[in-house]
S.K.: 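Input: one structure, supplied below.
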Amino acid sequence: MVAIEGGTPVRSAPFPSVSDASGRTFGPEEAEALARVVESGTLWRVNGTEVPALEREFAEYVGSRHAVASTSGTAALHLAVAAVDPEPGDEIIVPPITDFGTVIAVLAQGAVPVFADVDPVTGCLTAESVADKLSERTRAVIVVHLFGGPAPVADIVAVCRPRGVRVIEDCAQAYLTVPAGGGFAGTYGDLGCFSLQQSKHISAGDGGLTVTDDPALARRMALFADKGWPRDTGERTHLFLGLNYRMTELVAAVARVQLGRLRGVVDARRSVARRLVEGLSDLPGLLLPSTVDDHSFWLFPMRLDPARVPVTNSEYAKALVAEGIPVTAGYLDRPVYLVPALTERRTYGTSAYPLTAPPARREFTYAAGDCPVAETLIDETLLVLACNERYIDADVADIVTAVRAVHHHFQRS
Ligand SMILES: Cc1ncc(COP(=O)(O)O)c(C=O)c1O
């Protein structure tokens, strides 16, 4: 009997979690790196060595010419948008299923987030949905590789580049993701943004990295992250409005060690995902990722086929949680355009800037129904299982047992 009907849960012990040591891959090397920095007495990047070394090593690792470090994934995206340098009210196309950090970067730079709907299978933007939302004010698109699955970024670049629209890849969930065409996510667009926040594949608590092949964009980002101050000229001046988004030497020292662990983390998650696919692929109406080797499984997404499974994702997730399985329905409570910051246009004072005309070409408002495919995924069909490099065979076996039991329960009822 399933746990929601009073049966014994498949699992009572907690799973390894990204919130603490059980599901994080830290070792004595991180502590040694921190001690080295503290002993050096130089904890900031301005005359430090760790942050520049991380920037060089990360750029080389992903296959870009330049990387600029910052304080978070949101900051990494803000650097990218600031490098594109939109006019107030210019438009940046974003997906509705993402962390709000994607949208913050747009609004913080005075641009308007324009939501394009997503692919019903991957939850990522498509070239067609982006093309539908292009206007004469579009300056950039932010493509999110959701959960670590590859978005069709080469197709989106092909739509955008002839129109002079920049492509920013949000790879916060997508280290070592392989888009169609090979190489790593983050190297297809003009700019690629990564996060080192607690729950990401590699972490230093918080932190961000933005990669680009374009030296002018890299220069602008480095200045933006340091108050617009061209310190290398020796002059105390500020060339344009920037912020202080400087990564510290402590964060960079930890991130450099973590970078050495990245390949192992992603391989281990792929191995978990492969075993989940093997254990679950025969369940009718449960749709799983179709490939494993191009995905980096920040989370493990599944979809319900409503024609074959007569319950919503919330009911299904509730039954899995009762079995002791870490899973959420829909990933988000609502698409990001339905948070109060956007529906009530709470931006700068009561101005609703930059969502007003002017500076925008029209008033921008956000409401339910804007992106119906995303709404169906969130409200009805999408389930996301936690995925972790520290899962052992017994963890994977418990997930498979629980999903099979819950699935058969709902198919019978
Ligand atoms: C897709 C996506 N974009 C942006 C962010 C923002 O990153 P951070 O939390 O490091 O600011 C995150 C992480 O939460 C994310 O998952």
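Note that these values count all heavy atoms, side chains included, but never hydrogens, waters or copies made by symmetry. Ligands are counted one by one from 1 in listed order, and the atoms in each one are counted from 1 as well.
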S.K.: Which option wins on minimum heavy-atom distance to atom 7 (O) of ligand 1: Ser72, Gly207, Gly73?
M.R.: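 Checking each option, the heavy atom nearest atom 7 (O) of ligand 1 is found in Gly73.
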S.K.: Would you mind checking which non-hydrogen protein atom is closest to atom 11 (O) of ligand 1, with the distance to 0.1 Å?
M.R.: Thr74 OG1, 2.6 Å
S.K.: On the 0 to 90° scale, with breaks at 30° and 60°, tag the Phe115-Tyr366 ring pair as parallel, tilted or perpendicular.
M.R.: perpendicular
S.K.: Looking only at heavy atoms of Leu196, does any of them come nearer than 4.0 Å to an atom of ligand 1?
M.R.: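 Outside the 4.0 Å threshold, so no.
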S.K.: What protein heavy atom is closest to atom 5 (C) of ligand 1, reported as residue, atom name and distance in Å?
M.R.: Asp99 OD2, 3.4 Å
S.K.: Within a reach of under 6.0 Å around CZ of Arg65, are more than 12 heavy atoms found that belong to other residues, nucleotides or ligands?
M.R.: no
S.K.: At a 4.0 Å threshold, what atoms of ligand 1 neighbour a non-hydrogen atom of Thr102?
M.R.: 3 (N)
S.K.: Measuring from Arg303:CZ to Leu383:CG, what's the distance to the nearest 0.5 Å?
M.R.: 10.5 Å
S.K.: Counting from 1, what ligand 1 atoms have a heavy atom of Gln173 closer than 4.0 Å?
M.R.: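 Matching atoms, with element in brackets: 1 (C), 15 (C), 16 (O).
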S.K.: Considering only heavy atoms of Gln197, which atoms of ligand 1 have at least one such atom less than 4.0 Å away?
M.R.: 9 (O), 10 (O), 13 (C), 14 (O)
S.K.: Flag this pair as yes if the NZ/CZ of Arg274 is under 6.0 angstrom from the six-membered ring centre of Phe297 and inside a 45 degree cone about the axis; otherwise no.
M.R.: no
S.K.: Please could you name the atoms of ligand 1 that Leu77 approaches to less than 4.0 Å, counting only its heavy atoms?
M.R.: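 Close to Leu77: 4 (C).
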S.K.: Does Phe58 have Arg56 sitting over its ring (NZ/CZ under 6.0 Å from centre, angle to axis within 45°)?
M.R.: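 Relative to the ring axis of Phe58, which defines the angle, Arg56 lies outside at least one limit.
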S.K.: Thinking salt bridges, do Asp190 and Arg161 make one under a 4.0 Å N-O criterion?
M.R.: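 Salt bridge flag = yes for Arg161 with Asp190.
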S.K.: Can you list the atoms of ligand 1 that are under 4.0 Å from a heavy atom of Ser195?
M.R.: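 Reading through ligand 1 atom by atom, the close ones are 7 (O), 8 (P), 10 (O).
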S.K.: Which atoms of ligand 1 have any heavy atom of Thr98 under 4.0 Å away?
M.R.: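 With Thr98 as reference, the close atoms of ligand 1 come out as 1 (C).
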S.K.: How about Phe184 and Tyr175: are their ring centroids closer than 6.0 Å?
M.R.: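 Distance test on ring centres: not under 6.0 Å, no.
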S.K.: Assess the side chains of Thr212 and Asp214: does a donor N or O sit below 3.5 Å from an acceptor N or O?
M.R.: no
S.K.: Just to be sure I read this right, does ligand 1 sit under 4.0 Å from the backbone of Asp170, its side chain, both, or neither, counting only heavy atoms?
M.R.: side chain
S.K.: Would Lys200 count as a contact residue for ligand 1, given that I'm defining contact as a non-hydrogen atom of the residue lying under 4.0 Å from a ligand atom?
M.R.: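 Distance cut 4.0 Å: Lys200 passes for ligand 1.
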